[in-house]
Number of protein chains: 4
Amino acid sequence: MAKKTGEKYHAIIDAAIKVIAKNGYHNSQVTKIARMAKVADGTIYLYFDNKDDILISLFRTKMSEFVERVRQEMELVKTVEEKLYQLIYMHFKQFALDPDLAIVTQIELRQSNREIREGIGVTLKKYHQLIEELVQLGIEKEKFHKKIDIRLIRQMIFGILDETVTSWVMKDMKYDLLGLVQPVYFLVINGVSDKGEEEVTYEFKESKSRI
Amino acid sequence: MAKKTGEKYHAIIDAAIKVIAKNGYHNSQVTKIARMAKVADGTIYLYFDNKDDILISLFRTKMSEFVERVRQEMELVKTVEEKLYQLIYMHFKQFALDPDLAIVTQIELRQSNREIREGIGVTLKKYHQLIEELVQLGIEKEKFHKKIDIRLIRQMIFGILDETVTSWVMKDMKYDLLGLVQPVYFLVINGVSDKGEEEVTYEFKESKSRI
Amino acid sequence: MAKKTGEKYHAIIDAAIKVIAKNGYHNSQVTKIARMAKVADGTIYLYFDNKDDILISLFRTKMSEFVERVRQEMELVKTVEEKLYQLIYMHFKQFALDPDLAIVTQIELRQSNREIREGIGVTLKKYHQLIEELVQLGIEKEKFHKKIDIRLIRQMIFGILDETVTSWVMKDMKYDLLGLVQPVYFLVINGVSDKGEEEVTYEFKESKSRI
Amino acid sequence: MAKKTGEKYHAIIDAAIKVIAKNGYHNSQVTKIARMAKVADGTIYLYFDNKDDILISLFRTKMSEFVERVRQEMELVKTVEEKLYQLIYMHFKQFALDPDLAIVTQIELRQSNREIREGIGVTLKKYHQLIEELVQLGIEKEKFHKKIDIRLIRQMIFGILDETVTSWVMKDMKYDLLGLVQPVYFLVINGVSDKGEEEVTYEFKESKSRI
DNA sequence: TATGAATGAGGATTCATTCAT
DNA sequence: CATGAATGAATCCTCATTCAT
């Protein structure tokens, strides 16, 4: 029913990002978004099914573009290491360039309801897949440890990227996020590297804890 | 004003966890929590200032116990590696033993409003500090790379722990979370290890991307 | 302003009947009627002043035709009894032949607002007049009791006709409405007949009720 | 969930009748009803599930009392004719005594939606049954024509009663409704009588009713 | 004449919190 | 200490109507 294209569609999404970043999710009424987008309240509903749909569409639209740009950049370089570096760099760069979007995706969208988060989940999976493809390539090229579950490595990579951006937003973006590209790259590449001759010598003892 | 002790105080917190885990954050009205705790609605307000205070107190209480248990277990072992292992093990174990709490902290509480999340943030910092102390120790013992920012390593460790638990909850806890202790340990220890002679040879080119 | 003639005028009225019969009064938006009539929303307003005007015009148009047909049929027969029979027969027949119109006039239009029902009332009066003319004739011919108020007899006749059709519609038109022509005719003719010499012997006591 | 008893329950119903009679159904907001009943908007929802439920409950409550009073009065007299007379008398009297209720049931409630009218239908059936019981008795006592369908006679009786009251309301209650008891009685009794060889000799006396 | 995208006023309902008992 | 009935502010969405094309 809702027409998901056109100038106003994008105007409403951009307005929603601004309003939510400024006022927080729970204080972003439809009326506020409409006013920011310079359309009538009712016009919102020509382009979105309901308020939740604005948020889901917002995330879907921005995240798709995001993933697409990361994928393109990753294709421009050849080695696994370079691709990983591009991933981290692009991830941080995009949020650094759009602080409002960073606030919305890292903070405000997480307090939305189950339906929204499920709508978001679908889009997020595409990003997860992109990362998993990289991990797969790393294992094939014998750069990454082949014994570790791909999904787990993806979670590790995504977890550190996400946590790093969230911390940066929480600290009011007071430092340069892009300055963390190299150390994060180092942490990740070190963590997943297959260094051949090395061995894990630590004997894991069973925990004595009784909770 | 609110008396934050007593049998009913804890009954209300436990009721809140059950209700939120079952119904989701946005469908957990004060009346439902009161009914589950077998007290009157008004009684809630003898023990908590407002609804947000229930959630913040809930997180504070549970997280403090959580951090305390982790700290105690970490003190039982000596080496940095063992301590790290205990941290990961305890982190996963506590959520594995209390699925309701896992749902609440990993999913539902994240959709609360800014005030609650700030209240939570204060408590979370204690956990962050615990991790940072471990990192500091690792650097002093020359087990961890000394050139990487402590806070960044903490973010990496916390990020992967958090993302791993969240993914496990999102997958309806269908697999054994404790089975991930060892691979996660491996990823982390590899990532932060100072292996001496190695060198990073990859030349980072500036990204040509134009966003 | 509104041009109340033309092909589209009638197309819109017919569309309105279909849409209202199918969806119910409160779920029959202008857009739906326009779509059914294969015109644009705005076109509606070239032919009707507003939405209410569609409904009033609908009723007026259909009811005028209705009354006219009844009148013509009644003129074809001579006796008062025959005319009464024709009235009942035509009343039932027209609704039996147009179920959608029956639903709209007996059910849906009654839940319209005061203005519409007043607009309808004007048209209904013509039907009332037709019935009253019949009653007048009956009295003149000394077939009907002359002492009963004409308007009351008309109400009685209209009441039973209307209630009979409404009940039939409410029962999903599961039985043959025309099968009721004869018994209804009998009830009415019996009720209004002047049998001359008769006397009422029943003594009405004052009611003892205290409400 | 909604508690359908108590002082406020009845206060809200009485307020709803006044407000709807005065403003019309579509201009009777919940806030207006609450104000008239001297309760808060939210209090309405402690006693009623939703706005429709107010109307259904209103009709159910009033109609049940109504039917019960009619039934009681009918039991006080013995003959079928007397019972019929009481039915007509009580029907008119109750509306004559409560003009607001008359407006609501005859006019405003008919423009409510399908759900409400279905809720009303259940209650209305009890009245229909009462009338049908009378008709059944009349046939057994050989006062009414045994060949006419009971339901049809009931429709005829209800139809004329309902139409008479509706017409009276539409004419702004400018004349004495109780003055119509006797002529309506006459119309009905004549219509349904099995006279065999007998003849009706009833002299219409002027109504003595003074409301 | 005809279109249909845009408008914006209007209302039922929820639920955290209070306070008389 | 405890109760729970009562409160009332706050908001998403619908849809009749307009008007630039």
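Naming: A, B, ... by sequence-line order, numbering from 1 per chain.
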Which residues pass the side-chain contact (heavy atoms from CB on, under 4.5 Å) test with B:Q29, not counting sequence neighbours? B:N27, B:K32

Between atom NZ in B:K32 and atom C1' in E:dC15, what is the gap in whole Å? 11 Å

Check every strand shown and say whether D:F48 touches a base, only sugar-phosphate, or nothing at a heavy-atom separation below 4.0 Å. nothing

Can you sort out the partners of B:K4 under salt bridge (charged side-chain N to carboxylate O under 4.0 Å, His left out), two or more places apart, ordered by chain and number? B:D53

Work out which heavy atom in D:L109 is nearest to a heavy atom in D:F59; give both atom names and the distance. CD2-CD1, 3.4 Å

Can you measure B:D52 atom CG to E:dC15 atom P for me and round it to whole angstrom units? 15 Å

Check residues 7-21 of chain C and write down every donor-acceptor pair under 3.5 Å in which the side-chain atom is one partner and the other belongs to a residue at least two apart or another chain.
none

Using side chain to side chain donor-acceptor pair (under 3.5 Å) as the criterion, list what pairs up with C:D52, not counting sequence neighbours. C:N113

Rounded to whole angstrom units, what separation is found between the CD atom of D:Q29 and the P atom of E:dT13? 13 Å

Nearest-angstrom distance from the residue atom NE2 of A:H26 to C1' of E:dA16: 14 Å

Under 4.0 Å between any heavy atoms, over every strand shown, what does B:V30 touch: base, sugar-phosphate, or nothing? Just pick one. base

D:F66: partners by ring pair (Phe, Tyr, Trp, His ring centres under 6.0 Å), with sequence neighbours left out: D:H91, D:F95, D:Y127

Any residue in residues 35-45 of chain A with a heavy atom nearer than 4.0 angstrom to DNA chain F? Just list them by number, or reply none. A:D41, A:G42, A:Y45

Tell me the interatomic distance from C:Y9, atom OH, to E:dT1, atom C1', rounded to whole angstroms. 18 Å

List in chain and number order the residues that pass salt bridge (charged side-chain N to carboxylate O under 4.0 Å, His left out) with B:K126, two or more places apart in sequence or in another chain; answer none if no residue qualifies. none

Remember a base hit wins even if backbone is also touched, and classify B:K8 as base, sugar-phosphate or nothing at under 4.0 Å, heavy atoms. sugar-phosphate

Of all heavy-atom pairs linking B:N23 and B:S28, the shortest is CB-OG, 4.0 Å

Going 5' to 3' along DNA chain F, which nucleotides are the first and last within contact of chain A (any atom under 4.0 Å from a heavy atom)? F:dT11 to F:dT14

Which ranges of DNA chain F pair up as stems, where a stem means three or more consecutive Watson-Crick or G-U pairs with both distances under 3.5 Å? E:2-21 with F:2-21

If each of C:T31 and A:T31 is mapped to the nucleotide of DNA chain F with the nearest heavy atom, which maps nearer the 5' terminus, i.e. the 5' end? A:T31

When you measure from the side chain of D:E108 to the backbone N and O of D:Y25, does any donor-acceptor pair fall under 3.5 Å? yes

What is the distance, to the nearest angstrom, from the CG atom on B:D49 to the C1' atom on E:dA16? 14 Å

Kindly write out the residues that satisfy side chain to side chain donor-acceptor pair (under 3.5 Å) with C:D98, not counting sequence neighbours, or none if the list is empty. none

What residues form a side-chain contact (heavy atoms from CB on, under 4.5 Å) with D:A34, not counting sequence neighbours? D:V39, D:D41, D:I44

Of A:K51 and C:S28, the one whose closest nucleotide on DNA chain F sits nearer the 5' end is A:K51

